[in-house]
Amino acid sequence: MDALALEAKAGKADAAPAPALATKRPKPQKKAKRIVYFEVEIVDAKTKEKLLLLDKVEPTASILDIKSMFHKSNPQWYPARQSLCLDPKAKSLKDEDVIQNLPVGTTATFYFKDLGAQIAWGTVFLLECVGPLLIYLMFFFRLPFIYSPRYDFTTPKHWVVHLACACHTFHYAKRILETMFVHRFSTGTMPLRNIFKNCSYYWFFAAWMAYYINHPLYTPPMYGEQQVKTALMIFLFCQLGNFSIHIALRNLKQPGSKVKKIPYPSKNPFTWIFWVVSCPNYTYECGSWVGFTVMTQCLPVAFFTIVGFIQMAVWARGKHRGYLKEFRDYPTLRSSILPFIL
Ligand SMILES: CCCCCCCCCCCCCCC/C=C/C(=O)SCCNC(=O)CCNC(=O)[C@H](O)C(C)(C)COP(=O)(O)OP(=O)(O)OC[C@H]1O[C@@H](n2cnc3c(N)ncnc32)[C@H](O)[C@@H]1OP(=O)(O)O
Ligand SMILES: NC(=O)C1=CN([C@@H]2O[C@H](COP(=O)(O)OP(=O)(O)OC[C@H]3O[C@@H](n4cnc5c(N)ncnc54)[C@H](OP(=O)(O)O)[C@@H]3O)[C@@H](O)[C@H]2O)C=CC1
């Protein structure tokens, strides 16, 4: 990019006046304005210690560019681990923010926070979903060390046990495939510490649920076939709903885009729930597990559903508040996760 093009992009940066033109030049020359570079100072948000001074930063440099420069001098803080703000208490700047568009003078001070070790979203979802998938199957196939040998000659598994295994496997296979082919995440990573909490939840509960459902002494649901069939309908309906919402959320973003928009109902009836709920993917997710609880009539499944619901309700409320803050025209009829209730 030549200097002129750079200057044209550099809307807010003050440019130095061009030198006066000579009186007898045959053709008027294009004004060659000088680019005004920025001086960037990176300060620790907590200690206020100066960590880095960069001079001659181009006005078109993005926050991600600055993070990369900072990373060069501090290899332990890779860009995804850094938060840069204009004030120690302000929200983090976005990677795509450009220095010349920020409310700073030619010397910009950025406050740095270490976000801690990070893990890529794709890895998170794969770890969270492959674990329960395999753990459940180990119990379903009654690997020899799991149940006592004294049950070896008990009756074969009830048909609902096969159905539950199919539903459980389908659910996690769907989530893995969605992670690979549907979701368009806007941030690359999340804190590494979350993975321990999430995996404990998924893996522990998968083992606990599977142990009881596949146990040779498992008691099938009280109301028999009718209960199982109704529960299966609820489960499948909610799985389809959840998938439809994931597609709707995917279609909100162009590939590579990080911009969040207000999701609206589309022609797909499963998305009409957007009229009344901000995070219907969580609503459908909870509905699926309610269906699975009724289908298996198993207490650990009910606990799993309740804990998952509490976590998703907390996230949904956060997202709902975020929408209200960001979009002034956000539909007022919407609740976070349960229509008209929560
Ligand atoms: C009896 C049984 C026992 C069983 C075991 C016990 C288990 C215990 C139960 C727990 C239940 C757990 C259920 C888990 C279910 C999991 C479900 C999933 O599969 S979902 C996939 C995984 N998703 C997650 O884990 C969510 C992770 N997301 C987050 O943590 C946050 O969204 C975020 C930190 C990544 C970003 O937050 P957000 O609000 O979107 O961003 P803000 O810009 O508003 O920032 C808020 C705050 O966070 C800081 N931040 C931002 N990004 C990061 C980052 N990448 N790393 C670290 N910190 C980050 C940001 O700086 C802000 O901090 P502040 O101090 O206010 O400046
Ligand atoms: N059983 C359980 O306990 C739980 C299960 N889950 C399951 O995992 C699925 C994914 O969970 P989670 O990641 O928390 O779901 P989110 O709704 O946060 O995100 C799903 C995808 O949609 C995108 N997205 C969300 N809102 C918008 C928006 N307004 N504009 C543009 N894109 C958007 C996200 O991108 P971005 O990166 O921009 O946010 C992400 O790619 C859930 O739907 C659920 O099925 C989740 C939590 C708990």
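Sequence positions, counted from 1, serve as the residue numbers for this chain. Numbering of ligands and ligand atoms starts at 1, following listing order.
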Requested in this report: Could you tell me whether some N/O pair between N194 and ligand 1 is separated by less than 3.5 angstrom?
Outcome: yes
**Report entry** Distance under 6.0 Å and angle within 45° of ring axis: R334 vs F327
**Finding:** no
Query raised in the report: Can we say K50 and E41 salt-bridge, meaning some charged N sits less than 4.0 Å from an Asp/Glu carboxylate O?
Result: yes
Query raised in the report: Within the structure, does at least one protein heavy atom fall under 4.0 Å of atom 27 (C) of ligand 1?
Result: yes
Report task. Determine yes or no for a side-chain-to-main-chain donor-acceptor pair under 3.5 angstrom, with R184 supplying the side chain and R250 the backbone. Result -> yes
**Report entry** Contact bool for atom 59 (C) of ligand 1 (protein heavy atom, d < 4.0 Å)
**Finding:** yes
Query raised in the report: Polar-atom distance check: W121 versus ligand 1, any N or O pair below 3.5 Å?
Result: no
Query raised in the report: Considering only heavy atoms, which of F303, Y202, W315 lies nearest to atom 24 (C) of ligand 1?
Result: W315
Query raised in the report: Are there protein heavy-atom neighbours of atom 6 (C) of ligand 1 below 4.0 Å?
Result: no
Report task. For atom 49 (C) of ligand 1, grab the closest protein heavy atom and report residue, atom and distance to one decimal in Å. Result -> L115 CD2, 4.3 Å
Query - atom 39 (O) of ligand 1 touched by protein (heavy atom, under 4.0 Å) - result: no
Query raised in the report: Between F38 and K56, is there a cation-pi geometry (under 6.0 Å to ring centre, at most 45° from the normal)?
Result: no
Query raised in the report: In terms of residue, atom name and distance, what is the protein heavy atom nearest to atom 25 (O) of ligand 1?
Result: N198 ND2, 2.8 Å
Query raised in the report: Heavy-atom distance from atom 20 (S) of ligand 1 to the protein below 4.0 Å?
Result: yes
Report task. Could you check whether the rings of W289 and F292 sit parallel, tilted or perpendicular, using 30° and 60° as the cut-offs? Result -> perpendicular
Query raised in the report: Would you call L54 and E39 a side-chain contact if the rule is heavy atoms closer than 4.5 Å?
Result: no
Query raised in the report: Do side-chain atoms of K48 reach the backbone of V43 as a donor and acceptor pair under 3.5 angstrom?
Result: no
Report task. Using heavy-atom distances, let me know which of Q311, K91, K113 sits nearest atom 64 (P) of ligand 1. Result -> K113
Query raised in the report: Any idea which part of R175 is under 4.0 Å from ligand 1, heavy-atom wise: side chain, backbone, both or neither?
Result: side chain
Query raised in the report: Using a threshold of 4.0 angstrom between heavy atoms of the protein and any atom of ligand 2, which residues qualify?
Result: F125, R175, H183, R184, F185, S186, Y201, Y202, N242, H246, L249, L252, K253, K260, K261, N281, Y282, E285, W289, G308, M312, W315, K319, Y323
Query - Sidechain-backbone polar pair: R175 side chain, C129 backbone, donor-acceptor under 3.5 Å - result: no
**Report entry** Mutual orientation of the aromatic rings belonging to W208 and F205 [parallel < 30°, tilted 30-60°, perpendicular > 60°]
**Finding:** tilted
Query raised in the report: Taking the side chain as C-beta and beyond, is there a heavy-atom pair between T296 and V160 under 4.5 Å?
Result: no
Query raised in the report: Hey, which atoms in ligand 1 end up nearer than 4.0 Å to a heavy atom of F205?
Result: 2 (C)
Query raised in the report: Would you call the rings of Y330 and Y323 parallel, tilted or perpendicular if under 30° counts as parallel and over 60° as perpendicular?
Result: parallel
Query - Heavy-atom donor-acceptor pair, D44 side chain to E49 backbone, under 3.5 Å - result: no
Report task. Closest by any non-hydrogen atom to atom 57 (C) of ligand 1: pick that one out of S200, A117, P191. Result -> P191
Requested in this report: Decide ring-ring contact (aromatic ring centres under 6.0 Å, His included) for Y147 and H215; before the verdict, give the C-alpha distance in whole Å, the side-chain angles of both, and the deciding distance to 0.1 Å.
Outcome: CA-CA 7 Å; Y147 299 108; H215 198 284; 5.0 Å; yes
Query raised in the report: At under 4.0 Å between heavy atoms, which part of F304 makes contact with ligand 1: side chain, backbone, both or neither?
Result: neither
Query raised in the report: Do the side chain of N198 and the main chain of I195 share a donor and acceptor less than 3.5 angstrom apart?
Result: no
Query - Test item: protein heavy atom less than 4.0 Å from atom 31 (C) of ligand 1 - result: no
Query raised in the report: atom 11 (C) of ligand 1: which of I195, V307, I119, I310 has the nearest heavy atom?
Result: V307
Report task. Please write down residue, atom name and distance for the protein heavy atom closest to atom 56 (N) of ligand 1. Result -> Q118 NE2, 2.9 Å
Query raised in the report: Looking only at atom types and distance, does a side-chain atom of H183 sit under 3.5 Å from a main-chain N or O of F185, one as donor and one as acceptor?
Result: no
**Report entry** Protein non-hydrogen atom below 4.0 angstrom of atom 44 (O) of ligand 1 present
**Finding:** yes
**Report entry** Nearest neighbour of atom 18 (C) of ligand 1 from the list E128, K94, M190, K260, on a heavy-atom basis
**Finding:** E128
Query raised in the report: What do you reckon, does K197 have a nitrogen or oxygen under 3.5 Å from a nitrogen or oxygen of ligand 1?
Result: no
Query raised in the report: Is ligand 1 less than 4.0 angstrom away from at least one heavy atom of F125?
Result: yes
**Report entry** Y201, F204, Y282: member with heavy atom nearest to atom 15 (C) of ligand 1
**Finding:** Y201
Requested in this report: Ignoring hydrogens and angles, tell me if any N or O in the side chain of Y136 forms a donor-acceptor pair with the backbone of Y211 under 3.5 Å.
Outcome: no
Requested in this report: Kindly say whether A210 contributes a backbone atom to a donor-acceptor pair with the side chain of N214 at under 3.5 angstrom?
Outcome: yes
